[in-house]
S.K.: 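Below you'll find the structure I mean.
Numbering of residues begins at 1 and proceeds along the displayed sequence. Note that ligands are numbered from 1 as they come in the structure, with each ligand's atoms numbered from 1 the same way. Any value given below was found using the heavy atoms of this structure, including those in side chains, with hydrogens, waters and symmetry copies removed.
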Amino acid sequence: MKKILVTGATGFTGTALCRALAEGGREVVAFVRPGSRTAALQDLGVECRVVDIKDPGAVAGNFSDIGLVYHIAAYRVELADRDEFRQVNVNGTRNLLDAARAAKVRRFVHCSTVGVQGAIDDPPATEEYRFSPGDHYQVSKMEGELLAMAYFHGGLPGAVVRPVGIYGPGDSRFLKLFRPISKGRFAMIGSGRVRYHMTYIDDLVAGILLCGTRKEALGEVFTIGGPRYTTIRDLVAAIARALGCPPPRWRVPFAPVYAAAVICDWLCRPFGIRPPLYPRRVEFFHKDRAFSIEKAKRLLGYRPEVDLEEGLARTAAWYRGQGML
Ligand SMILES: NC(=O)c1ccc[n+]([C@@H]2O[C@H](COP(=O)([O-])OP(=O)(O)OC[C@H]3O[C@@H](n4cnc5c(N)ncnc54)[C@H](OP(=O)(O)O)[C@@H]3O)[C@@H](O)[C@H]2O)c1
């Protein structure tokens, strides 16, 4: 019986996926970086191999016992080395695809992002909506996805998953919203009327596993999201309810904050300083991002189970339990 490879296994999604696979009795291998924290994976019984996905030889040399691949790893550091996006998210993906094809794996699931579609003019967007990546990370994810699809159309059995914003216990990205709301220091940037779509981690893992097992997934792209999207204003109010706080009332106009973010980024970047405000952070309040999950429901039987209110309550409880708020 060949093993299941998970890349990005030390991350939020990768760890949750490894837990689901290990609990299902599957033998899981993780390709990790030399400095990666692997204790949680080792507790799950995951075999951690130090393999640099940017090194084609190292990748190919570790595929002889692999039968199924979940490629979750991605480079997406805020103050990023722009070349590294391409090296990891495109070239690293190519190395894995080449090795998977040579090893004749039975399936390759590639994790992309709805970010490849950028802002949505007429939400919700389906998988067929145009590509319009808005930054270097999203461009590299689009190129990685297109590359994976070219291999899938060339005979490698595989599927692409595009998650929407992922949240839940284990995440730290949405602390940027939870923390200021919990401290009464949150100010809405702009009207708050744009839409945003989130997926609870357990639902995402269920969607990824369907892409790894259902024959209907082969050669297809699936947006995996939660049961519903909301406006940012409603999302913030729901987070406040989950935290037991009054809903935030302050609002600041978008344009001057965005201008400040551009200037801040421009001043900090040459010195390698992480800007306190940068365009991508502010764009969260401006870009409409709501997606249809009908294709995954129809072809895969995907049924997200965790409603936003319930998921936010679990997330708030987890942040509190970790002393993060
Ligand atoms: N989070 C979201 O809201 C969101 C939304 C849409 C799509 N996605 C996609 O979903 C996937 C998982 O996201 P996540 O938020 O769960 O990720 P995450 O927690 O940020 O974890 C990223 C993983 O990628 C690994 N990685 C980073 N740079 C690497 C490199 N140079 N070589 C090899 N591995 C590297 C990290 O390893 P280390 O532990 O060594 O750093 C970690 O295991 C990604 O493909 C991402 O693009 C995420």
S.K.: Return the closest protein heavy atom for atom 2 (C) of ligand 1 as residue, atom name and distance.
M.R.: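 The closest heavy atom on the protein side is Arg173 NH1, 3.0 Å.
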S.K.: Should Arg241 and Glu309 count as an ion pair when the cut-off is N to O under 4.0 Å?
M.R.: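 Glu309 and Arg241: salt-bridged.
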S.K.: How far is atom 40 (O) of ligand 1 from its nearest protein heavy atom, and which residue and atom name does that atom have?
M.R.: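 Its nearest protein heavy-atom neighbour is Ser36 OG, 2.7 Å.
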S.K.: May I ask you to list the atoms of ligand 1 that are less than 4.0 angstrom from any heavy atom of Gly165?
M.R.: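 The list of qualifying atoms is 3 (O).
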S.K.: Just jot down the ligand 1 atoms closer than 4.0 angstrom to any heavy atom of Tyr137, in number order.
M.R.: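 Close to Tyr137: 46 (C), 47 (O).
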S.K.: I'd like the name of whichever of Gly115, Ser112, Ala74, Ala73 reaches closest to atom 9 (C) of ligand 1 through any heavy atom.
M.R.: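 Among Gly115, Ser112, Ala74, Ala73, the closest heavy atom to atom 9 (C) of ligand 1 belongs to Ser112.
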S.K.: Side chain or backbone, does Val114 bring an N or O within less than 3.5 Å of an N or O on ligand 1?
M.R.: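 By distance alone, the answer is no.
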S.K.: Within ligand 1, which atoms have a heavy atom of Ile72 less than 4.0 Å away?
M.R.: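 Contacts of ligand 1 toward Ile72, numbered from 1: 11 (C), 12 (C), 44 (C), 45 (O).
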S.K.: So is Gly35 in contact with ligand 1, going by heavy-atom distances below 4.0 Å?
M.R.: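 Outside the 4.0 Å threshold, so no.
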S.K.: Looking only at protein heavy atoms, identify the closest one to atom 36 (C) of ligand 1 and say how far it is in Å.
M.R.: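 The closest heavy atom on the protein side is Thr10 OG1, 4.0 Å.
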S.K.: Does any N or O atom in Gly11 lie less than 3.5 angstrom from one in ligand 1, N or O only?
M.R.: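 Yes, since at least one N or O of Gly11 sits under 3.5 Å from an N or O of ligand 1.
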S.K.: Any salt bridge between Glu294 and Arg298, counting N to O under 4.0 Å?
M.R.: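 No, this pair does not count.
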S.K.: So is Gly8 polar-close to ligand 1, meaning N/O to N/O under 3.5 Å?
M.R.: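 There is such a contact, yes.
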S.K.: Against Asp135, only a single residue in Arg76, Arg280, Lys141 fulfils salt bridge (Lys or Arg N to Asp or Glu O under 4.0 Å); can you say which?
M.R.: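 Among the candidates, only Arg280 passes.
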S.K.: Under 3.5 Å, is there a donor-acceptor pair linking the side chains of Glu310 and Tyr200?
M.R.: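 No donor-acceptor contact under 3.5 Å links the two side chains.
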S.K.: So which protein heavy atom does atom 48 (C) of ligand 1 come closest to, and at what separation?
M.R.: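 Closest protein heavy atom to atom 48 (C) of ligand 1: Ile166 CD1, 3.4 Å.
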S.K.: Check the pair Arg33, Val50 against side-chain contact (heavy atoms from CB on, under 4.5 Å), reporting the backbone distance first and the verdict last.
M.R.: CA-CA 5 Å; Arg33 297 196 281 176; Val50 176; over 6 Å; no
S.K.: Within a distance under 4.0 Å of any heavy atom of Thr113, pick out the atoms of ligand 1 and give their elements.
M.R.: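 Matching atoms, with element in brackets: 6 (C), 7 (C).
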S.K.: Please confirm whether Asp52 comes under 4.0 Å of ligand 1, counting heavy atoms of the residue only.
M.R.: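 Distance cut 4.0 Å: Asp52 fails for ligand 1.
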S.K.: State whether a side-chain donor-acceptor pair under 3.5 Å links Tyr319 with Asp171.
M.R.: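 Distance-only check passes for Tyr319 and Asp171.
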S.K.: So between Val164, Asn89, Val116, Thr15, whose heavy atom ends up nearest atom 5 (C) of ligand 1?
M.R.: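 Comparing heavy atoms across Val164, Asn89, Val116, Thr15, the nearest one to atom 5 (C) of ligand 1 lies in Val164.
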S.K.: Mark yes when over 12 heavy atoms from residues, nucleotides or ligands other than Lys183 sit less than 6.0 Å from its NZ; otherwise mark no.
M.R.: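 Atom NZ in Lys183 is crowded, with more than 12 foreign heavy atoms closer than 6.0 Å.
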S.K.: Under 4.0 Å, heavy atoms only, figure out whether ligand 1 is touched by the backbone of Gln87, its side chain, both or neither.
M.R.: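 Contact part for Gln87 vs ligand 1: neither.
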S.K.: How about Glu47: does its CD atom have over 12 heavy atoms from other parts shown lying under 6.0 Å from it?
M.R.: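 Count over threshold, so yes.
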S.K.: Atom 32 (N) of ligand 1: which protein heavy atom is closest, and how many Å away?
M.R.: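 It is Arg33 CD, 3.5 Å.
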S.K.: Is there a heavy atom in Phe31 that sits closer than 4.0 Å to ligand 1?
M.R.: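 For ligand 1, residue contact (heavy atoms, under 4.0 Å) with Phe31 is absent.
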S.K.: Do Tyr129 and Asp122 pair up side chain to side chain, a donor and an acceptor below 3.5 Å, judged on atom types alone?
M.R.: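 Absent: no donor and acceptor within the cut-off.
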S.K.: Heavy-atom contacts under 4.0 Å between Arg76 and ligand 1: side chain, backbone, both, or neither?
M.R.: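 Within the 4.0 Å criterion, Arg76 contacts ligand 1 through side-chain atoms alone.
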S.K.: Mind checking whether Val88 has an N or O less than 3.5 Å away from an N or O of ligand 1?
M.R.: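 Not met; the criterion fails.
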S.K.: Is any NZ, NE, NH1 or NH2 atom of the basic residue among Glu220 and Lys295 found under 4.0 Å from an Asp or Glu carboxylate oxygen of the other?
M.R.: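 Answer for the salt bridge query: yes.
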S.K.: Below 6.0 angstrom between ring centroids: does that apply to Phe254 and Phe285?
M.R.: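 No; Phe285 has its ring centre 6.0 Å or more from that of Phe254.
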S.K.: Counting each atom of ligand 1 from 1 as listed, which ones have a heavy atom of Cys111 under 4.0 Å away?
M.R.: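 Every atom of ligand 1 under 4.0 Å from some heavy atom of Cys111: 9 (C), 10 (O), 11 (C), 45 (O).
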S.K.: Tell me if the CZ atom of Arg86 is crowded by more than 12 foreign heavy atoms within 6.0 Å.
M.R.: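 No.
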S.K.: Compare all side-chain heavy atoms of Val32 with those of Arg49 and state whether any distance is below 4.5 angstrom.
M.R.: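 Not in contact.
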S.K.: Is it the case that over 12 heavy atoms from other parts of the model lie below 6.0 angstrom from the CZ atom of Arg130?
M.R.: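 Enclosed.
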S.K.: Answer with side chain, backbone, both or neither: which part of Arg37 has a heavy atom less than 4.0 angstrom from an atom of ligand 1?
M.R.: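 Under 4.0 Å from ligand 1, Arg37 contributes no heavy atoms.
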S.K.: Give the atom numbers and elements of ligand 1 that come within less than 4.0 Å of a heavy atom of Thr13.
M.R.: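 Selected atoms, number and element: 12 (C), 13 (O), 14 (P), 16 (O).
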S.K.: In this structure, is the centre-to-centre distance between the rings of Phe284 and Tyr196 below 6.0 Å?
M.R.: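 Aromatic pair counts; centres sit under 6.0 Å.
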S.K.: Taking N or O atoms only and a 3.5 Å limit, does Lys54 qualify as a polar contact for ligand 1?
M.R.: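 So ligand 1 has no N or O lying under 3.5 Å from an N or O of Lys54.
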S.K.: Any idea which protein heavy atom is nearest atom 19 (O) of ligand 1, and the distance to it?
M.R.: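 Protein heavy atom with the smallest distance to atom 19 (O) of ligand 1: Phe12 N, 2.9 Å.
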